[in-house]
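Throughout, residue positions are numbered sequentially from 1 according to the sequence presented. Just follow the structure's listing: the first ligand is 1, and inside any ligand the first atom is 1. The shown structure was predicted, so the numbers you read here are calculated from the model rather than taken from an experiment.
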Amino acid sequence: MIWYPYEQMKTMKEPYSIIDAEGVYLYTEDQKLIDSISSWWSVIHGYKHPELNEAVENQLKQFSHVMLGGLTHEPVRRLSDKLEQWLPGDLDYCFFSDSGSVAVEVALKMALQYYMNREETDRTMVLALEHGYHGDTFKTMEVGDDEDYHFVLKAYGASRNVIHIPTTIEALEQAFSRYHKKLNSMLVEPLLQGAGGMRMYDSSFLKRARELCDRYGVLLIFDEVATGFGRTGNRFVADLVLPDILVLGKALTGGYMGHAVTVANHKVYEGFYDDDPAHALMHGPTFMGNPLACSVTLKSIELFEKQDYMSKIQKIAELTRREMADFSHPAVKEVRMMGACICIEVYDPETLKGYQQFAYERGVFSRPFLRYLYAMVPYVIEEAELVKVLNTMKEWFDQRSGKK
Ligand SMILES: *Cc1c(COP(=O)(O)O)cnc(C)c1O
């Protein structure tokens, strides 16, 4: 018996059963669907990509897995070299893991231990954002701020080690003036908060955060598990404002398999690098640096560069703006767009009930949640396909005009 994610099993509707997938399309027994959300924002090159398949198959002929404890291999060496060269600044030190949540846990552990290694033992707190989402493991639930997901944490009462602020400069300055001596890090989803409702904010907030982190010696962590690889219209938000630790996941492998990486800068790495064994980073996911995952990631990055994905993303952003320009509806609170992400926020979650089936019948797979109807399409989508995704969203509101 499968226990499905985020579902009340007693009342959940039957999921669509997928029998094949290729390009932007998912196939069920009776329908062909454009995947408008790229399998939780990860499948940026589409499904069954010949070159990505080939990369996995070639590695499979060598070996599918060996651990990184006491062993190493070419795919992981090549990938860490590539990331070192490709990521901005001195984000050069790659710690691999098997999922975004774990990679965020690793980043938080790094930040805490960085100060413990320096015997600054008062720095136990993390500054994070309201409506932040960083995963479903215990520490990531605690730094996240999403009551709709993580009510189980109420069992523990309010956390003493995490402060949540809204994305205003005023709140940021206040938090630093009050807590700077106790903070080891500030953790954010930069520019675009995904699971908290596709909320968007300005880079001026991040620039100010960088200044304050520098002034008070606090490590800045970007969780780019969702925003990385072009989703915001920037290759990485870290290209605009440089964090001390960068977390990548989801699209890292082109959505081919679960893998993630926590990338530290030179300063953070130096905080662990000495003769004391107790200053080592004590972490080691069983499948970290998996050779299949590294091989497919290398190929995914190669496609991203060679086929100029940033211009594809630019085109998606432009088309989305064009198609949504004259859209409005009394049930809609706000339409938000950034890069290859669009979100229609409604006033009442009831407004979106039935949308998934409506879209299914029109050949689009979508998964609205709470008050948010959104699309985060694979970057290889054609213009007509993107227009169809957006038209389906608009039609839903048109056909229920007047009603709220
Ligand atoms: C999805 C997500 C995570 C968690 O990644 P998993 O691979 O599901 O553990 C963490 N942070 C952000 C911003 C995410 O969108």
Side-chain angles (χ1 to χ4, degrees), residues 3-7 35 37-44 95-111 126-146 148-150 153 162 164 167 185-201 206 220-232 234 236-238 241 243 245-263 283 285-290 293 296-297 300 336 338-341 343 367 369-370 372 374-377:
W3 197 336
Y4 284 94
Y6 307 121
E7 291 287 355
D35 182 358
I37 58 169
S38 310
S39 272
W40 268 329
W41 330 337
S42 64
V43 182
I44 56 175
F95 191 96
F96 294 98
S97 55
D98 36 30
S99 75
S101 304
V102 172
V104 173
E105 297 269 350
V106 169
L108 291 166
K109 194 195 268 191
M110 271 180 189
V126 178
L127 180 59
L129 299 183
E130 287 177 2
H131 307 293
Y133 175 86
H134 300 285
D136 298 335
T137 56
F138 264 82
K139 190 67 190 179
T140 62
M141 285 197 290
E142 191 187 343
V143 290
D145 171 44
D146 206 320
D148 295 305
Y149 283 68
H150 294 142
L153 273 199
V162 181
H164 292 105
T167 50
S185 59
M186 175 172 180
L187 166 68
V188 300
E189 290 162 275
L191 295 190
L192 171 63
Q193 298 183 285
M198 309 299 159
R199 291 161 198 267
M200 299 164 188
Y201 62 92
L206 297 173
L220 183 59
I221 306 173
F222 280 4
D223 175 355
E224 293 217 51
V225 170
T227 57
F229 300 94
R231 190 54 72 180
T232 67
N234 307 283
F236 299 96
V237 183
V241 175
I245 302 174
L246 174 65
V247 184
L248 302 174
K250 289 199 166 93
L252 179 71
T253 63
Y256 259 57
M257 57 191 87
H259 222 64
V261 64
T262 309
V263 189
H283 212 100
T286 304
F287 293 105
M288 71 183 290
N290 171 267
V296 76
T297 298
S300 169
R336 293 191 281 272
M338 182 185 277
C341 174
C343 176
R367 186 177 177 277
F369 60 99
L370 304 170
Y372 314 106
Y374 75 97
M376 293 198 359
V377 294

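- For the pair Leu246 and Glu224, the minimum side-chain heavy-atom distance is below 4.5 Å.
- By the 4.5 Å heavy-atom criterion applied to side chains, Leu192 and Cys341 are counted as neighbours.
- At a cut-off of 3.5 Å, with distance as the only test, no side-chain donor of His164 or Asp145 sits close to an acceptor on the other residue.
- Counting heavy atoms from C-beta on, the side chains of Tyr201 and Met338 never come closer than 4.5 Å.
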Go through it in stages, so that I can follow the logic: the residues are Phe222 and Val188, the test is side chain to side chain contact (heavy atoms under 4.5 Å, CB included), and I'd like the CA-CA distance, side-chain angles, deciding distance and then a yes or no. CA-CA 5 Å; Phe222 280 4; Val188 300; 3.7 Å; yes
Please tabulate, line by line, the atom pairs linking an N/O of ligand 1 to a protein N/O at a distance below 3.5 Å, with the distance in Å to 0.1, or answer 'none'.
residue: ligand 1; atom: 5 (O); partner: Ser101; partner atom: N; Å: 3.4
residue: ligand 1; atom: 7 (O); partner: Gly100; partner atom: N; Å: 2.8
residue: ligand 1; atom: 9 (O); partner: Gly100; partner atom: N; Å: 3.4
residue: ligand 1; atom: 9 (O); partner: Ser101; partner atom: N; Å: 2.7
residue: ligand 1; atom: 9 (O); partner: Ser101; partner atom: OG; Å: 2.6
residue: ligand 1; atom: 11 (N); partner: Asp223; partner atom: OD1; Å: 3.3
residue: ligand 1; atom: 11 (N); partner: Asp223; partner atom: OD2; Å: 2.7
residue: ligand 1; atom: 15 (O); partner: Lys250; partner atom: NZ; Å: 2.5

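- One side chain, Thr137 or Thr140, offers a donor N or O that lies under 3.5 Å from an acceptor on the other.
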